[in-house]
There are 2 protein chains.
Amino acid sequence: MHISTVSRTFSAPHLVNVETRSRVLACAEQLGYRPNRAARALITGRTCNIGLIVADIANPFFPPLIKAAEAQARRHDNHIFVADTNEDAIVEEELVRALAKQVDGVLLCSPRMSNSLIEQLSREVPLVVVNRQITGLPAVVMDVAQGARLAMEHLIGLGHRRIALAAGPRGSWTSKEIRRAAMLAVRGPGRELVITGPNAPTENGGLAVADQIQKSGATAVLAYNDLMAIGLIEGLHTRGIRVPQDISIVGIDDITLSRLTRPKLTTVATPTAAAGRAAVDMLLAYGDDRRTTALINLQTELVIRDSTAPLSSQGSGAAPAVTPSTTETPS
Amino acid sequence: MHISTVSRTFSAPHLVNVETRSRVLACAEQLGYRPNRAARALITGRTCNIGLIVADIANPFFPPLIKAAEAQARRHDNHIFVADTNEDAIVEEELVRALAKQVDGVLLCSPRMSNSLIEQLSREVPLVVVNRQITGLPAVVMDVAQGARLAMEHLIGLGHRRIALAAGPRGSWTSKEIRRAAMLAVRGPGRELVITGPNAPTENGGLAVADQIQKSGATAVLAYNDLMAIGLIEGLHTRGIRVPQDISIVGIDDITLSRLTRPKLTTVATPTAAAGRAAVDMLLAYGDDRRTTALINLQTELVIRDSTAPLSSQGSGAAPAVTPSTTETPS
DNA sequence: ATGAAAGCGCTAACAT
DNA sequence: ATGTTAGCGCTTTCAT
């Protein structure tokens, strides 16, 4: 029994006699033998590894995506390299190049690079982009534009007329989409959209815009993501502005946290786990017909909780609640 | 200029003429050439990859650890495979074996396997264990025993006498440590420790014990982690029991979330990022002298926030607050 | 159905 | 300081 038979037993079992096969398997079992995938990759060109590059592992938006992608990859006997760019476009590029040789493809989540750079990199290694749409590249996006529209319609329906948008970081496709959709949705007589940003997509980013929001006189805010929304609520709280009594806040993402804060956050739910799975599937399907540059657009939905309220029950906007209309008794 | 010179330029630059070296580097730059690390690993035996196995990526305890480990690994030009066991010991074993050949070592975070299995696996691939102490194996642990003691002393200092412990999952070393320390700390005249569990280390796990906690008559609870503590607060809330007025709750971990819930959670802060870094350093130092099985024990500290209060200001324990002593006026 | 041999991209002796 | 050679563990023709 010789080495190539062993190889066939693992990579093309049907080519080997049933009996020999089981003999090989028995030996392997006993010796704890497993084919070395790196060596195999050297000749087959397939590493069975996937790179997953995210902007910030600790941002609660990503872990569900990473978890789902990892599970899906493993279902197809692939493993996942995870890397964190710290929201830095330079690191991002370097990371793709560094991983290129040891993976079959890279999942680029919420990239901050330029389109042209991404296109260039996609010539060096198969790329699937998540949360961004680039002509000619396979992508998985979540329909945040629709989500932003729903959020704005919700706020308008509640009577709000002056609405603020706390935009996301520079280079974020998602932020641009939200901005575009928000402008469209708010457009109308007597309505106004105030845009602040760019902001860091974090709690601190939200804290930092509280001041501008207060001054803007907006009675409602759509934030780039839940983390910012939560920071913003904190910031407004310390300024004596109550949510939702004085101002309504809507987030985006529906991270686990948003069900647990007080008030519970009204938000646009994005299907992050589904996105992770879809991205992996897309990458693994790359080989089958590589010219098809698919685009998967996942639906979002508005989850109404406690951080939004009708304008009528509110004070006169983001100014501290010392106006006549706010003569409430403590309850 | 020949192939081995190119190789040397990258792996032993000092052995090649300065001029030739820069010529090689220039060419490489122009062609976008990078040494294939898988091929290199085949001969050197070093993959420059590290496996990181966690119980649940989506559990907010892990992302800061993963992020720190990834950053530290990259600082040493290593990459990280991340895998998720879903709290399943079987998956855990399979994962270690599957990764063994393509990494220089594996970081096993909060493993649920038996000690003997872990010892066996450590003979197949260098292992560093996080959040668990196994004689003879390099480990990074956080001193949760000390943390649990601090938490209990805090509660006792507040006048609590009947204290509950909401234990963690079966197989968790951390849970055992906490239990041991809690029993020691609570021991004393007129004091009693009520233990419930094992429980899932999640919000749902906390929700699920709310009932037992209520019936236990405890006036304070130490939970296995913040997630459980938060779930427990929710569960108690729906039963009309207020935290901290009716019952005090302490969590463990100090995840980001615990600063953002209402009430803000009193908790034991565990240095997860430091643990991630330390574990990577330990693994990379493995080669230097492999017999040294170090143990790093990181300090924890108590962070007092709003979920704990003196017994005197509380109702008569976990029973609904309809006792005479709770005749408070709304404020 | 199995064996023999070449070669994936690289490094590490060993020459020169 | 550079070239030559063998071989890491595997897969894949090509023979048999």
Side-chain angles (χ1 to χ4, degrees), chain A residues 1-49 51 76-79 81 96-106 124-126 287, chain B residues 1-49 51 76-79 81 96-106 124-126 287:
Chain A
M1 176 174 64
H2 283 269
I3 176 168
S4 45
T5 305
V6 177
S7 172
R8 276 189 278 260
T9 304
F10 286 96
S11 48
H14 58 279
L15 293 179
V16 58
N17 187 299
V18 202
E19 196 191 313
T20 341
R21 193 197 307 171
S22 53
R23 214 142 40 87
V24 171
L25 255 20
C27 280
E29 167 78 9
Q30 195 193 334
L31 301 172
Y33 170 83
R34 297 221 187 182
N36 179 324
R37 306 177 85 142
R40 174 184 287 180
L42 213 51
I43 186 140
T44 62
R46 292 209 53 218
T47 63
C48 289
N49 291 150
H76 295 282
D77 200 29
N78 278 43
H79 293 138
F81 280 109
V96 174
R97 293 229 162 86
L99 286 174
K101 294 291 194 1
Q102 33 192 344
V103 300
D104 297 334
V106 173
E124 304 176 21
V125 55
Chain B
M1 174 175 64
H2 283 270
I3 175 166
S4 49
T5 306
V6 177
S7 172
R8 276 188 278 258
T9 304
F10 286 95
S11 47
H14 59 278
L15 293 180
V16 58
N17 187 300
V18 202
E19 196 192 313
T20 342
R21 193 196 306 170
S22 53
R23 216 142 39 89
V24 170
L25 254 21
C27 279
E29 167 78 9
Q30 196 195 331
L31 300 172
Y33 170 84
R34 297 221 188 181
N36 180 324
R37 305 176 85 142
R40 175 184 285 179
L42 213 52
I43 187 139
T44 62
R46 290 209 56 218
T47 63
C48 288
N49 290 149
H76 294 281
D77 200 30
N78 278 44
H79 293 138
F81 280 109
V96 174
R97 293 229 162 85
L99 286 176
K101 294 290 194 3
Q102 35 192 342
V103 300
D104 297 334
V106 173
E124 303 175 22
V125 55

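Chain letters run A, B, ... following the sequence lines, proteins first, then strands; residues in each count from 1. Everything numeric in this text was worked out from a predicted model, so none of it was measured.
Side chain of B:D104 to main chain of B:R46: no donor-acceptor pair is present (N/O by atom type, distance under 3.5 Å, no hydrogens or angles). Side-chain atoms of B:K101 do not come within 3.5 Å of backbone N or O of A:P35 as any donor-acceptor pair.
Residue B:R21 is classed as having no contact, given no heavy-atom separation below 4.0 Å to the nucleic acid. Residue contacts for B:Y33: at a heavy-atom cut-off of 4.0 Å it reaches the sugar-phosphate backbone alone, with no base atom in range. A:T5 comes within contact range of the sugar-phosphate backbone alone, with a heavy-atom separation under 4.0 Å but no base atom that close. At a threshold of 4.0 angstrom between heavy atoms, the contacts of B:R34 are confined to the sugar-phosphate backbone, with no base atom among them.
For the pair B:I43 and B:V16, both in contact range of DNA chain D, the more 5′-proximal nearest nucleotide belongs to B:V16. When each of A:R37 and B:V18 is assigned the nucleotide of DNA chain D with its nearest heavy atom, B:V18 is the one assigned upstream, toward the 5' end.
Rounded to whole Å, the distance from NE2 on A:H2 to C1' on D:dT11 is 17 Å. If you take NZ of B:K101 and C1' of D:dC10, they are 12 Å apart, rounded to a whole angstrom. What separates CZ of B:R40 from P of C:dA12 is a distance of 9 Å, to the nearest Å. The distance between atom CZ of A:R46 and atom C1' of C:dG9, rounded to the nearest whole Å, is 19 Å. Regarding A:H14, its NE2 atom lies at a distance of 14 Å from the C1' atom of C:dT2, rounded to whole Å. Distance B:L15 CG to D:dG3 C1': 14 Å, rounded to the nearest Å. What separates CG of A:L42 from P of D:dT11 is a distance of 11 Å, to the nearest Å. Remark: C1' of D:dG7 and CD1 of A:I3 are 12 Å apart, rounded to the nearest angstrom.
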Decide yes or no on side chain to side chain contact (heavy atoms under 4.5 Å, CB included) for B:V125 and B:V96, but give the supporting numbers first. CA-CA 8 Å; B:V125 55; B:V96 174; 3.8 Å; yes

Show the numbers, then the answer: is there a side chain to side chain contact (heavy atoms under 4.5 Å, CB included) between B:N49 and A:Q102? CA-CA 10 Å; B:N49 290 149; A:Q102 33 192 344; 3.3 Å; yes

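OP1 or OP2 of D:dT2 lies within a sub-4.0 Å distance of a side-chain N or O belonging to B:T20.
In this view, B:R23 satisfies the side chain to side chain donor-acceptor pair (under 3.5 Å) rule with no residue, not counting sequence neighbours.
Ring geometry for A:F81 versus B:F81: interplanar angle under 30°, hence parallel rather than tilted (30 to 60°).
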For nucleotides 13-16 of chain D, list the nitrogen or oxygen atoms of the protein found under 3.5 Å from its nitrogen or oxygen atoms, one pair per line.
none

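Exactly one residue among A:T44, A:T47, A:D77 makes a side chain to side chain donor-acceptor pair (under 3.5 Å) with A:R37. That residue is A:D77.
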